[in-house]
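Structure first, commentary second.
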Amino acid sequence: MALRRALHFVFKVGDRTKTATFYRDVLGMKVLRHEEFEEGCKATCNGPYDGKWSKTMVGFGPEDDHFVAELTYNYGVGEYQLGNDFLGLTLQSSQAVSNAKRLGWPLTEVGEALYLTQAPGGYPFYLVDKEQPPNDPVQKVCLGVSDLQRSTHYWTTLLGMKVVEKNEDKKTVLMGFGDTQCKLELQDISGTVDHGTAFGRIAFSCPREQLPDLEALMKKENQKILTPLVSLDTPGKATVEVVILADPDNHEICFVGDEAFRQLSMVDPKGNELLDKAMEEDKSAEWFAKHNRQKAAA
């Protein structure tokens with residue numbers, strides 16, 4: 001399945017301004033594109049919410065050859081409840097470590113040249129204190145699972161990933177679609193996976209022609225399909241087709257047709273400016289304060 005590739009992880013964010021500071025100023029990522037939507041996504045990209053929301057893609061480089069973060073912000077939601085499903089994103093950048101120290105962003109040393117920090121909302125990030133590589137610094141995303149053998153079978157046999165490494169002491173399996181891509185690590189948490197309300201989604205691309213076959217395979221194997229093959233429109237940009245699946249622990253998985261996605265995901269030079277403008281114009285916090293109300297805690 002070398003034609004499949006890891007694209008991004010979706011994070012729900014309650015505080016867009018603090019989140020932008022973390023990704024831009026601490027991690028050193030760039031805003032690749034920013035989009036505003038007046039109503040909820042047909043494939044629930046923004047979660048189970050109907051109202052106005054925004055999507056900001058941030059990364060160390062274009063999504064063609066970098067694993068990036070998709071930050072979804074629902075204007076009426078101020079915070080989300082974390083579960084034990086997302087166990088961390090690991091990236092290599094001594095610059096990010098020094099940025100965090102300089103800005104007073106909390107860091108905990110958890111191993112040799114390894115620091116744990118948190119994005120706003122409590123999402124864990126592991127920073128490897130070594131020089132940032134010329135290719136993608138993002139090494140892996142770790143997800144909690146309740147039955148490692150069952151999940152490994154799902155991701156390898158049904159989705160076509162290749163196991164790279166197993167660690168029986170840590171109860172982890174590292175896998176991926178390609179040697180140079182961001183890897184997926186599954187860790188057995190010896191219990192039920194709780195997704196809270198902050199649950200994310202991991203996205204991959206595949207050739208468009210594989211999408212109907214993938215959906216058919218999941219039906220045949222009695223696996224969960226959250227959103228059958230559907231077209232998603234972004235105003236002024238390419239229309240993409242996606243299938244949204246759920247693994248045995250209900251981790252959401254998006255597969256998108258690669259050809260159209262490469263057009264949609266082209267870096268927008270105005271992305272940074274659009275995000276700053278949206279944050280400046282966002283009066284939702286003031287509106288809630290004026291009406292003696294608080295934003296919803298999902």
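What you see is a predicted model, and the numbers here were worked out from it, not measured in a lab.
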Does the gap between the ring centers of Tyr115 and Phe125 come in under 6.0 Å?
no

Check for me, please, whether Leu143 and Tyr126 land in the same ILVMFWY cluster - side-chain distances under 4.5 Å, paths through other members count.
no

Tell me yes or no: between the side chains of Gln132 and Gln92, is some donor less than 3.5 Å from an acceptor?
no

Ignoring hydrogens, what is the shortest heavy-atom contact between Asp194 and Gly196? Give both atom names and the distance.
OD1-N, 2.9 Å

Report the residue from Val242, Asp258, Leu3 that forms a side chain to side chain contact (heavy atoms under 4.5 Å, CB included) with Ser205.
Asp258

Validation row: Gln95, Leu127 side chains within 4.5 angstrom (heavy atoms)
no

In terms of side-chain geometry, is the basic nitrogen of Arg150 or Asp188 positioned less than 4.0 Å from the acidic oxygen of its partner?
no

Any salt bridge between Glu273 and Lys277, counting N to O under 4.0 Å?
no

Do Thr21 side-chain atoms and Thr17 backbone N/O form a donor-acceptor pair below 3.5 Å?
yes

Does a salt bridge link Glu35 with Lys237, judged by any charged N lying under 4.0 Å from a carboxylate O?
yes

Do the side chains of Arg16 and Glu36 get close enough for a salt bridge, i.e. N-O under 4.0 angstrom?
yes

Find the distance between CG (Leu174) and CG (Leu186) and round it off to the nearest 0.5 Å.
9.0 Å

Side chain to side chain contact (heavy atoms under 4.5 Å, CB included), paired with Thr72, selected from Val10, Thr56, Val77, Val13
Val10

Do we get Arg5 above Phe204's six-membered ring, with its NZ or CZ under 6.0 Å from the centre and within 45° of the axis?
no

Answer with yes or no whether the hydrophobic clustering places Leu82 together with Ile202; edges join I, L, V, M, F, W, Y residues whose side-chain heavy atoms lie under 4.5 Å apart.
yes

Flag for Ser146-Asp249: side-chain donor and acceptor within less than 3.5 Å
yes

Any side-chain donor paired with an acceptor under 3.5 Å for Lys171 and Ser190?
yes

Between Asn135 and Thr180, does the side-chain contact (heavy atoms from CB on, under 4.5 Å) criterion hold? Intermediate values first, please.
CA-CA 9 Å; Asn135 52 345; Thr180 58; 5.6 Å; no

Test side-chain contact (heavy atoms from CB on, under 4.5 Å) on Val58 and Leu32; report intermediate values, then the result.
CA-CA 5 Å; Val58 291; Leu32 306 175; 5.8 Å; no

Answer with yes or no whether the side chains of Lys30 and Asn272 bring together a donor and an acceptor at under 3.5 Å.
no

Examine Tyr75 together with Trp53 and report whether their ring centres are nearer than 6.0 Å.
no

Does the pair Glu63 and Arg33 meet the rule for a side-chain contact (heavy atoms from CB on, under 4.5 Å), with working shown?
CA-CA 11 Å; Glu63 213 161 349; Arg33 54 192 171 99; 3.8 Å; yes

Strictly below 4.0 Å, N to O, side chains only: are Asp276 and Arg24 in salt-bridge contact?
yes

Are the aromatic ring centres of Phe67 and Phe60 under 6.0 angstrom apart?
no

Taking the side chain as C-beta and beyond, is there a heavy-atom pair between Leu245 and Leu226 under 4.5 Å?
no

Examine distances only and state if a side-chain atom of Thr117 and a backbone atom of Pro106 form a donor-acceptor pair shorter than 3.5 Å.
yes

If you look at every heavy atom in Ala238 and Ala260, which pair is closest and at what distance?
CB-O, 3.8 Å

Taking all heavy atoms of Glu215 and all of Leu229, pick out the closest pair and write down the distance.
OE1-N, 2.9 Å

State, with a plain yes or no, whether a side-chain heavy atom of Val164 is found less than 4.5 Å away from one of Asp179.
no

Quick one: are Leu89 and Val138 in side-chain contact, heavy atoms under 4.5 Å?
yes

Is the backbone of Ala6 close enough, under 3.5 Å, to the side chain of Gln181 for a donor and an acceptor to pair up by distance?
yes

Nearest heavy-atom pair of Thr192 and Ile189: which atoms, and what distance?
O-CD1, 3.7 Å

Measuring only between side-chain heavy atoms, which start at C-beta, is Phe11 closer than 4.5 Å to Tyr23?
yes

Verify the cluster assignment for Val243 and Met161: are they in a single hydrophobic cluster under the rule of side-chain heavy atoms below 4.5 Å apart?
yes

Measure the spacing between OG1 of Thr19 and CE of Met279 and express it to the nearest 0.5 Å.
9.5 Å

When rounded to the nearest 0.5 Å, the distance separating CG of Asp233 from CZ of Phe37 is 10.0 Å

Could you tell me if the side chain of Leu103 sits less than 4.5 Å from the side chain of Asp25, heavy atoms only?
yes

Is there a path from Val128 to Leu107 through hydrophobic residues (I, L, V, M, F, W, Y) whose side chains come within less than 4.5 Å of each other?
no

Atom NZ of residue position Lys55 - does it have more than 12 heavy atoms of other residues, nucleotides or ligands inside 6.0 Å?
yes

Just checking, any donor-acceptor pair under 3.5 angstrom between side chains of Asp15 and Tyr73?
no

Among Glu252, Glu70, His251, which residue meets the side chain to side chain donor-acceptor pair (under 3.5 Å) test with Arg201?
Glu252

Measure the shortest side-chain to side-chain distance between Cys254 and His8 over non-hydrogen atoms and say whether it is less than 4.5 angstrom.
no

Quick check for you: to the nearest 0.5 Å, what is the distance between Leu87 atom CG and Lys140 atom NZ?
10.5 Å

Considering only NZ, NE, NH1 and NH2 on the basic side and carboxylate oxygens on the acidic side, decide whether Glu259 and Arg208 come within less than 4.0 Å.
no

Can you tell me how far apart CD1 (Ile244) and SG (Cys45) are? Round to the nearest 0.5 Å.
6.5 Å

How close do Glu221 and Leu158 get, counting heavy atoms only, and between which atoms?
CG-CD2, 3.8 Å

Is it the case that one hydrophobic cluster holds both Phe255 and Met175, taking links as side-chain heavy atoms less than 4.5 Å apart, direct or via other members?
yes

Rounded to the nearest 0.5 Å, what's the gap from OG on Ser93 to CD on Gln139? Could you check?
11.0 Å

Quick one: closest heavy-atom pair of Pro120 and Trp105, and the distance?
CD-CZ2, 3.8 Å

Test log, rule side-chain contact (heavy atoms from CB on, under 4.5 Å), inputs Met57 and Ser265
CA-CA 9 Å; Met57 309 302 292; Ser265 62; over 6 Å; no

Tell me whether Lys12 forms a cation-pi arrangement with Phe199, defined as NZ or CZ under 6.0 Å from the six-membered ring centre and within 45 degrees of its axis.
yes

Expected output: side-chain Asp268 to main-chain Lys270 donor-acceptor under 3.5 Å
yes

Atom CE of residue position Met266 - does it have more than 12 heavy atoms of other residues, nucleotides or ligands inside 6.0 Å?
no

Measure the shortest side-chain to side-chain distance between Met218 and Tyr154 over non-hydrogen atoms and say whether it is less than 4.5 angstrom.
yes

